[in-house]
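Remarks on the structure that follows.
Residue numbering restarts at 1 for every chain, and letters A, B, ... go by the order of the sequence lines.
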Number of protein chains: 2
Amino acid sequence: MPHIPHLEAIIDPIANDLTSGAAEIALRAITVFQTVLTESQNLKPSEVKENMALAAKAIVNAQPAMAPLFHLGNQVLLAIDKAQTVEEIQSASASALSEFDLRLCKSADKIADHVYKLIPPGEMVFAYSFSTTVVSSLLHARSKGKFFRAVCTESRPSMEGRKLATMLADGGLEVLHTFDSAMGLILPSCRVAFMGADSVGQPGIVNKVGSWLLSLACKELNIPLYVLCGTEKFVLGEQVFEFERHERAGGEVWVDSPKGVRVLNRQFELIPFSQVAGVVTEFGILGEADIDKHIGTMEVHEALKLETSAF
Amino acid sequence: MPHIPHLEAIIDPIANDLTSGAAEIALRAITVFQTVLTESQNLKPSEVKENMALAAKAIVNAQPAMAPLFHLGNQVLLAIDKAQTVEEIQSASASALSEFDLRLCKSADKIADHVYKLIPPGEMVFAYSFSTTVVSSLLHARSKGKFFRAVCTESRPSMEGRKLATMLADGGLEVLHTFDSAMGLILPSCRVAFMGADSVGQPGIVNKVGSWLLSLACKELNIPLYVLCGTEKFVLGEQVFEFERHERAGGEVWVDSPKGVRVLNRQFELIPFSQVAGVVTEFGILGEADIDKHIGTMEVHEALKLETSAF
């Protein structure tokens, strides 16, 4: 029976982080695997492998909508599968973790290069929710000398849109901010819109609630809406709906709601591929067919396959 | 030079009421005219008329999006136009005010009868922002024995959707509540949607911000969206855009926004007629042509005409 001391305490900060993007949280999850490895010195190789699988599953369950957490665990488990000794496991894990880290950084750089070309100079650019990929892309464009203004909304109930506004303003962009339902007032002044993603796979993109309304408004107003995310967000179709497991307490939306009122607090929703202009990845702007092709090559470790089919 | 003591103090509660519907605020504005009349005992008839015009303009300016405030003032000014003595002014005003009060109540009753037929039994019904007409219609249907569930969102930043949820729950309805951007998660379970209006005239309906996104979502999901309002919300085309004067402090949205971030706080927006299934009035469900016809018969007092053309 695998066992990791204080697993819950290590995972909780990931489960309760409502304002960070998926790529950002994945970078933090790397330290969870490092902790598990450090505490595995006196175990048998099979026990270490079991603990790593246990950690991978716990991380995936903490944020079931966030594909990079799945891929991080999957890469590590595939990497240590054939290791014979604890040292081999540690070495293979360390390589997989740093490869993943590097992949995220490289993806972000390449995406920023593509986004640079999509920003019309002197215009207003809409950005929704919080995504490190969106932030780094917009700040990259600004630092390369492109002048534009950014518009964002608060993203109730977690208000991660304020974090976005603050980071963009800190980076030298002029920012216009309003509440989510006022999108319709400000979008007509924008020329392009960007959002991140938590996962991407048939039949669409999973992102923070409100993204579907944004996509409708952009279509109505003929504003191209691009999804910025590395292929570490791509998942098999069976995993796309995992985000529906992520329902939070209604009290986070309305602390003292009266009797007779049930408060719904879901964080993610699905936006069909047909609603967006394209998915900007490290390989360029991909459409549905390219995404399907990429997903077709994905290999999933047994431990994570079983976890998925249990739901 | 007309002068009303404490005018600002009398008007401020109307200007700063962000959670009441337009019909509700109009009922309260009646007491402003009553106060002005009470304080006019020792004035000349022409001074009383000037003061009534001043009060009417101040009320309209306090909430430029809310048509019933315009009509209330307009009815009173038209009624006192030919009065010769202070007594005649007082008598004509009192009649006009009580007629307007009665008209609002009768409208609400008739609208409720029409709405009863629009609610599919046993289904979920969406309601947006806060409107006394919507509340009275839904509670009327419930009290007549129709069983259904109500769904509403909070309506940032003033949160008048919570007031709606509370009143519907108090009236015996089962209520499901969430934040505004989560409309897309809950609307697919609804069979019909209702909203109030602040004013109605070419080219559409003015209502609380978020109504346009709601109308897009309803269209996409094939859910009929009805606007519930008496004809006291109808205005001439030149008045429809008066709502754009109503911009409030950004601090109401984000108290401590950082340097470089400008916070936009507008309360109203325009929804084109083509986006809704119909406008439910005391005369039944009206389309664009019926509305134009009704507006064509409207008479506007000189004092309010001038005020309008000044902007």
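Counting heavy-atom pairs under 4.5 Å between each of B:Thr178, B:Asp180, B:Leu214, B:Leu176 and chain A puts B:Leu176 at the top. The greatest number of non-hydrogen atom pairs below 4.5 Å with chain A, out of B:Glu174, B:Lys208, B:Glu220, B:Met183, is found for B:Glu220.
Heavy atoms of A:Leu173 lying under 4.5 Å from chain B belong exclusively to its backbone. Using a 4.5 Å cut-off between heavy atoms, B:Trp254 contacts chain A through both its backbone and its side chain.
Residue B:Ala217 comes nearest to A:Leu213 through the heavy atom pair CB-CD2, 3.9 Å, listed as atom of the first residue, atom of the second, then distance.
Among residues 255-276 of chain A, the residues having any heavy atom closer than 4.5 Å to a heavy atom of chain B are, in sequence order, A:Pro258, A:Lys259, A:Gly260, A:Val261, A:Arg262, A:Val263, A:Leu264, A:Asn265, A:Arg266, A:Phe268, A:Glu269, A:Gln275. For residues 126-137 of chain A, the interface with chain B (any heavy-atom pair closer than 4.5 Å) comprises A:Tyr128, sorted by residue number. Scanning residues 149-164 of chain A against chain B with a 4.5 Å heavy-atom cutoff picks out A:Glu154, A:Arg156, A:Pro157, A:Met159, A:Arg162, ordered by number.
Here the side chains of B:Phe179 and A:Val209 are in contact, with some heavy-atom distance below 4.5 Å.
In this structure, CG on B:Leu216 lies 7.5 Å from CG on A:Leu221, to the nearest 0.5 angstrom.
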Tell me which donor-acceptor pairs under 3.5 Å the side chains of residues 200-207 of chain B have, and how far apart each pair is, sequence neighbours excluded?
residue, atom, partner, partner atom, Å
B:Gln202, NE2, B:Glu288, OE2, 3.1
B:Gln202, NE2, B:Asp292, OD1, 3.0
B:Gln202, NE2, B:Asp292, OD2, 3.0
B:Asn207, ND2, B:Ser211, OG, 3.0

